[in-house]
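Note on naming: letters A, B, ... go to the chains in the order of the sequence lines (proteins, then strands), and numbering restarts at 1 for each one.
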There are 2 protein chains.
Amino acid sequence: MAYRKTPAELRRLEAAREHLVACATSVVAEVGWAQASVTAVADAAGIAAGSVYQHFPSKTALAVEVFRRAAGREVEVLGEVLAAPGDPVERLSRGVQVFARRALENRGLAYALLAAPAEPAVGAERLDFRRRYRALFAAVVREGIKEGVLPEQNGEITAAALTGAVGEVLVDPLGHPGTTTTDALLAELTAMALRCAGAPAA
Amino acid sequence: MAYRKTPAELRRLEAAREHLVACATSVVAEVGWAQASVTAVADAAGIAAGSVYQHFPSKTALAVEVFRRAAGREVEVLGEVLAAPGDPVERLSRGVQVFARRALENRGLAYALLAAPAEPAVGAERLDFRRRYRALFAAVVREGIKEGVLPEQNGEITAAALTGAVGEVLVDPLGHPGTTTTDALLAELTAMALRCAGAPAA
DNA sequence: GGAAACTCTGAATGGTGATTCACTTCTTCC
DNA sequence: GGAAGAAGTGAATCACCATTCAGAGTTTCC
């Protein structure tokens, strides 16, 4: 009787699960949550629709996992940039750039994380994600205030504005002459962010 | 043979349609687009599900009408405030306050207009709505630059930041001690908006 | 009053997509 | 090799709504 899974088998199963999550992430980034049906995701992963349920109890559970992984990566990256030692204003500037650049480089995924229509469970994750983003920005703003390089203000609101602004720019790319290139857009965003936090003009 | 509808009958039909749109708006504001089924909306309006199709060819058409009406009102109100004569900085400040206050006073509707999951047709309307909001803000910012009361900047991005910031604050009310009252929140938002546009501190 | 044309009703229809399950295929262990 | 159990399959099932439609109720106009 075959009671125990061999280590190789366990690895294979784990790999299959990872592959499924990765493929699902791609599908979501390409077509959004609404269009990412179980069948579409299973097809992308090269398995049968029913097999998805070997790894996740429901489509919702898979969606939440996809969101958490992707969002977690973003929060981690931003956290590292913002928590680095050094001038808060400088860090804020870098943080906005990293946030925006990563979003622009993988626009589909960024849209899925920030704004795309999604089922309630994913929506709840999204709230948490935004909250964490804001907390990161807010911490730096508060530091800046304490060090006297930023004026008195509600850091949470400034942080909300920064996430909101980047999200807004992403969702509708502002086809404005003079802001067409990524670099120009990043420069404008950064300048706006610094003004928003009340940093003296560069 | 009854060929012509009497004026009273026409009025009654028109009123029924208006009532349907109004009830649908309430339902959407309360439970969001996703939960606003034809049955739920019809129940709210006190008619049968099938009767909805006397007034609109599809659920989508009704949803679009609901969105347009509500969004149109908001754009109009904001437009009046921002287009008033006077100091651009002052107008900007008032505009943000009006935008935010109205949103906070009818949070459900504001969320539906700005962010709630919705079908593609409504999503398209939303893009347009946001674009119009941004255009209004951007015009004032550009005026401020021209008059020399605001520093050189990309008005579109500042405008995007303002809409994004208010939306962000709305979606997740920042349960922060000291920012609990509407007035305090409005004051903080306004201050942030002025910094964001580069207006000198009040 | 009553025929014609309209509005309203709500149960039946139809389409979509998640989930299940009887079956096949693969692994483990004797 | 082969029995026992697990994983994989995909067609069938199920649930959920938007939409339709046959019949009931109203209004119009002679």
Return the value, rounded to whole Å, for the distance between atom CZ of Phe56(B) and atom C1' of dA18(D). 16 Å
Would you indicate which nucleotide in dT7(C), dG8(D), dT19(D) comes nearest to any side-chain atom of Val38(B)? dT19(D)
Presence of salt bridge, Arg91(B) and Glu143(B), under 4.0 angstrom: yes
Whole Å only: how far is the CG atom of Leu13(B) from the C1' atom of dC6(C)? 9 Å
Between Glu14(A) (CD) and dA6(D) (P), how many Å, whole number? 19 Å
If you count the non-hydrogen atoms of other residues, nucleotides and ligands that lie under 6.0 Å from CZ in Arg68(B), is the total more than 12? no
Atom CZ of Arg17(A) to atom P of dA7(D): distance rounded to whole Å? 13 Å
Can you tell which of dT19(D), dC8(C), dA7(D) lies closest to the side chain of Gln54(B)? dC8(C)
Please confirm whether the shortest side-chain N or O distance from Ser37(A) to OP1 or OP2 of dG17(C) is below 4.0 Å. no
Between protein and nucleic acid, restricted to nucleotides 20-22 of chain D and to nitrogen or oxygen atoms under 3.5 Å apart, what atom pairs and distances do you find?
none

Rounded to whole Å, please give me the gap between CG in Leu62(B) and P in dC17(D). 17 Å
Between Arg130(B) (side chain) and Glu168(A) (backbone), is there a donor-acceptor pair under 3.5 Å? no
Side chain of Arg12(A) only, heavy atoms from C-beta on: which candidate in dC8(C), dA7(D), dT9(D) is closest? dA7(D)
For atom CZ of Arg94(A), is the number of surrounding heavy atoms from other residues, nucleotides or ligands below 6.0 Å larger than 12? no
From C-beta outward on Lys59(B), which listed nucleotide comes closest to its side chain: dT19(C), dT7(C), dT19(D)? dT19(D)
Thr163(B) OG1 to Arg134(B) CZ distance, which is reported to the nearest 0.5 Å: 6.5 Å
Taking CH2 from Trp33(B) and P from dC17(D), how many angstroms apart are they, rounded to a whole number? 17 Å
Neighbour count >12 (heavy atoms, 6.0 Å) for atom CZ, Arg131(A): yes
From the options dG8(D), dT19(D), dC8(C), select the nucleotide whose nearest atom is closest to the side chain of His55(B). dC8(C)
Ala48(A) has a side chain; which of dG10(C), dT7(C), dT9(D) sits nearest to it? dT9(D)
Nearest-Å distance, CD (Glu119(B)) to C1' (dC17(D))? 12 Å
In whole angstroms, how far is the P atom of dC17(D) from the CG atom of Asp43(B)? 13 Å
Just how far is it from atom CZ of Phe99(B) to atom OH of Tyr133(B), taken to the nearest 0.5 Å? 5.0 Å
